[in-house]
Amino acid sequence: MTIRLYDTSARQIRDFTPLTPGCVSIYLCGATVQAAPHIGHIRSGLNFDIMRRWFAYRGYDVTFIRNVTDIDDKIIRKGAEQGRPWWSIGYENERAFNAGYEALGCLPPTYEPRATGHVPEMIEMMRGLIERGHAYEADGSVYFDVRSFPGYLELSNQDIDDLRQPDEGVSGKRDPRDFAMWKATKPGEPDWETPWGRGRPGWHLECSAMAHKYLGSAFDIHGGGLDLIFPHHENEIAQAKAFGDAFASYWVHNAWVTMSGEKMSKSLGNSVLVSEMVKNWRPIVLRYYLGTPHYRSMIEYSEESLREAESAFARIEGFVQRATEKAGAPVAPAAEVPPAFAEAMDDDLGVPHALAIIHTTVRQGNSALAADDKDEAIARLAEVRAMLGVLGLDPLDPHWAEETGGGEELHGVVDTLVRLVLQQRESARERKDWATADAIRDQLNQSGLAIEDSPDGPRWTLGNR
């Protein structure tokens with residue numbers, strides 16, 4: 001068994017070899033909490049949640065770090081615009097992100113460090129870089145000298161002579177391409193004391209310092225969205241390696257959620273907030289929608305594609321429910337997933353191919369149910385639950401049991417009401433009043449319920465919109 005991953009730095013799929021046998025260390029660039037999350041933000045966390053689950057299934061001891069950037073220009077600016085403390089903006093949106101991760105079934109990270117809690121580590125790294133000649137102080141700010149690090153821009157494959165850094169509104173750079181690790185204090189902004197004067201962290205320094213603190217000088221995987229390759233990840237590498245760290249062995253980047261061909265972004269006015277989406281769509285369906293395309297493939301958002309995801313998941317969920325009823329007792333997930341599923345997941349987390357195995361197994365299970373082959377149906381159910389569990393999509397997992405907010409009590413009330421209506425439909429069918437029977441069924445379908453006529457009588461499940 002060998003897991004293979006696409007390494008951005010190598011520009012190819014590589015066999016995964018951990019630094020420590022049996023262990024895997026992952027650092028994921030998490031939220032910059034200047035605003036509530038849209039589904040594009042959450043996709044990254046979800047993709048790496050699936051990665052983490054697969055490594056755990058394969059027997060690895062996983063250490064998963066996902067940071068929070070709780071101080072940056074946008075957070076400070078929004079606080080000033082709203083007349084609120086900058087930290088209240090960050091904390092409010094940090095909670096919104098965590099609610100989004102939780103709603104879509106992402107496991108909590110091993111550690112979730114905040115940038116503002118690691119200023120001492122940043123000062124230590126800056127001091128070391130200045131001593132080694134890779135950084136310098138100017139007017140109270142500290143800059144990284146990009147020409148002092150020969151490997152700069154290897155990740156993004158750019159030419160330094162073609163590079164222009166954006167204007168950071170500060171002076172004193174030796175080269176316009178140098179980037180700020182620490183920004184000198186400004187009136188009304190938060191600041192911390194350093195050997196070079198009061199100021200606040202730059203965006204890039206925090207991740208290099210926190211990765212070093214929690215994972216050491218070398219770790220296995222660094223992840224994030226494609227948009228972070230430059231400048232953020234490029235600058236992280238420069239800082240960490242110039243400091244003396246080996247840093248990440250593999251760089252893994254997820255693609256975006258797009259609308260009309262553009263990256264989903266609040267600045268473009270095309271974002272879809274998670275808090276609003278979960279009011280209209282079941283969270284497990286959103287997880288299916290965001291988590292089942294390959295992590296390196298773009299997702300073009302549309303209502304139609306979400307409805308297709310809902311329909312596809314309903315077929316899986318319907319089998320799980322019917323097979324569980326047929327078994328007459330809970331059926332535990334199989335100890336191992338089918339070999340074809342494992343092969344797909346080992347190959348750069350090939351979720352689309354793995355999902356095809358799930359749907360094939362569901363069809364086999366449905367055939368077994370139709371043939372009244374209880375043992376075969378139960379065997380397929382155990383396999384399906386094992387595969388869904390790896391993807392965080394098992395509808396029988398306790399996390400999803402309460403996603404409707406009403407739990408078993410609400411389900412029981414709805415079941416009673418629906419059965420009363422179904423009895424009316426059965427009476428109409430007995431009278432051969434087909435028009436009334438069909439009208440009742442159509443009305444239930446329009447309400448989001450799917451009605452299935454089985455040898456044991458009609459049954460209902462949540463259907464398509």
Side-chain angles (χ1 to χ4, degrees), residues 39 42-43 45-60 62 64 66 98-110 274 277-278 281-293 295 306 309-338 341-342 344-345 349 351 354-355 357-359 361-362 365-366 377-412 414-415 450 461-463:
I39 58 174
I42 296 298
R43 183 192 182 186
L46 201 160
N47 286 153
F48 284 90
D49 180 66
I50 292 173
M51 173 191 282
R52 173 196 187 166
R53 288 170 182 264
W54 184 244
F55 273 115
Y57 172 82
R58 279 305 200 189
Y60 285 90
V62 182
F64 181 56
R66 186 182 67 210
N98 285 333
Y101 292 133
E102 168 68 15
L104 269 63
C106 295
L107 300 173
T110 309
V274 176
M277 293 292 288
V278 296
W281 301 90
R282 296 171 62 204
I284 196 170
V285 169
L286 287 176
R287 183 179 177 99
Y288 184 96
Y289 172 67
L290 294 172
T292 53
Y295 75 90
L306 252 171
E310 182 180 49
S311 178
F313 183 72
R315 291 193 292 272
I316 296 172
E317 187 175 36
F319 164 70
V320 171
Q321 293 172 339
R322 290 189 296 273
T324 300
E325 291 175 5
K326 187 70 173 178
V331 175
E336 296 184 359
V337 298
F341 180 94
M345 292 297 291
L349 303 176
V351 175
L355 190 64
I357 305 303
I358 293 177
H359 281 287
T361 309
V362 165
N366 281 329
I378 289 175
R380 300 292 78 76
L381 172 60
E383 289 179 344
V384 168
R385 287 203 65 194
M387 293 185 283
L388 292 176
V390 166
L391 302 180
L393 286 168
D394 182 0
L396 300 184
D397 186 285
H399 175 82
W400 302 114
E402 300 177 359
E403 72 166 14
T404 59
E408 292 300 319
E409 183 178 348
L410 178 57
H411 185 279
V414 174
D415 183 63
T461 57
L462 290 174

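Given the structure is predicted, the values throughout are model-derived calculations rather than measurements. Note: hydrogens, waters and symmetry copies are ignored here, and every other heavy atom, side chains too, is used.
- Using modelled atom types and a 3.5 Å distance limit, the side chains of R322 and N366 yield a donor-acceptor pair.
- Taken from CD1 in I42 to CG in L290, the straight-line distance is 9.0 Å, to the nearest 0.5 Å.
- Taking SG of C106 as the reference point, atom CG of N98 lies at 10.5 Å (rounded to 0.5 Å).
- Without hydrogens or angle criteria, H399 side chain to E102 main chain gives a donor-acceptor distance under 3.5 Å.
- Among all heavy-atom pairs drawn from V320 and P395, the shortest one is CG1-CG, 4.0 Å.
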Discussion item. Before you tell me yes or no, could you show the steps for M277 and L306 under side-chain contact (heavy atoms from CB on, under 4.5 Å), namely the whole-Å CA-CA distance, both residues' side-chain angles and the distance that decides it to 0.1 Å?
Written reply: CA-CA 11 Å; M277 293 292 288; L306 252 171; 3.4 Å; yes
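- Here the closest non-hydrogen pair linking A354 and A344 is N-CB, 3.6 Å.
- At a threshold of 4.5 Å between non-hydrogen side-chain atoms, the residues I284 and L104 do not count as touching.
- Of the possible polar contacts, none joining the R385 side chain to the A334 backbone as a donor-acceptor pair under 3.5 Å is found.
- Nearest heavy-atom pair, L286 versus V278, reported as atom, atom and distance to 0.1 Å: CD1-CG1, 3.8 Å.
- Here the closest non-hydrogen pair linking V351 and M345 is CG2-SD, 4.0 Å.
- Annotation: side chain of F341 is in contact with side chain of V390 (closest heavy-atom distance under 4.5 Å).
- At least one test fails for R43 against the ring of Y289: distance under 6.0 Å to the centre or angle within 45° of the axis.
- Between R287 and D49, at least one side-chain N (NZ, or NE/NH1/NH2) sits under 4.0 Å from a carboxylate O, which counts as a salt bridge.
- The pair E317-R282 meets the salt-bridge criterion, since a charged nitrogen lies less than 4.0 angstrom from a carboxylate oxygen.
- The shortest side-chain heavy-atom distance between R52 and T110 falls under the 4.5 Å cut-off.
- Between Y288 and A312, the closest heavy-atom pair is OH-CB, 3.4 Å.
- Here the side chains of P330 and T324 are not in contact, with every heavy-atom distance at 4.5 Å or above.
- Looking only at side-chain heavy atoms (C-beta outward), L107 and F64 stay at 4.5 Å or farther from each other.
- In this structure, the separation between NE2 on H359 and CZ on F313 is 9.5 Å, given to the nearest 0.5 Å.
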Worksheet item: Could you walk me through whether L393 and T292 pass the side-chain contact (heavy atoms from CB on, under 4.5 Å) check?
Response: CA-CA 10 Å; L393 286 168; T292 53; 4.2 Å; yes
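- Side-chain contact between I378 and K326: absent, with no pair of heavy atoms (C-beta onward) separated by less than 4.5 Å.
- The main-chain N or O of G392 is found under 3.5 Å from a side-chain atom of W400 such that the two form a donor-acceptor pair.
- Salt-bridge annotation for E383 and R380: present, with a side-chain N of the basic residue lying under 4.0 Å from a carboxylate O of the acidic one.
- Considering all non-hydrogen atoms of both residues, V337 and Y57 come closest at N-OH, 2.9 Å.
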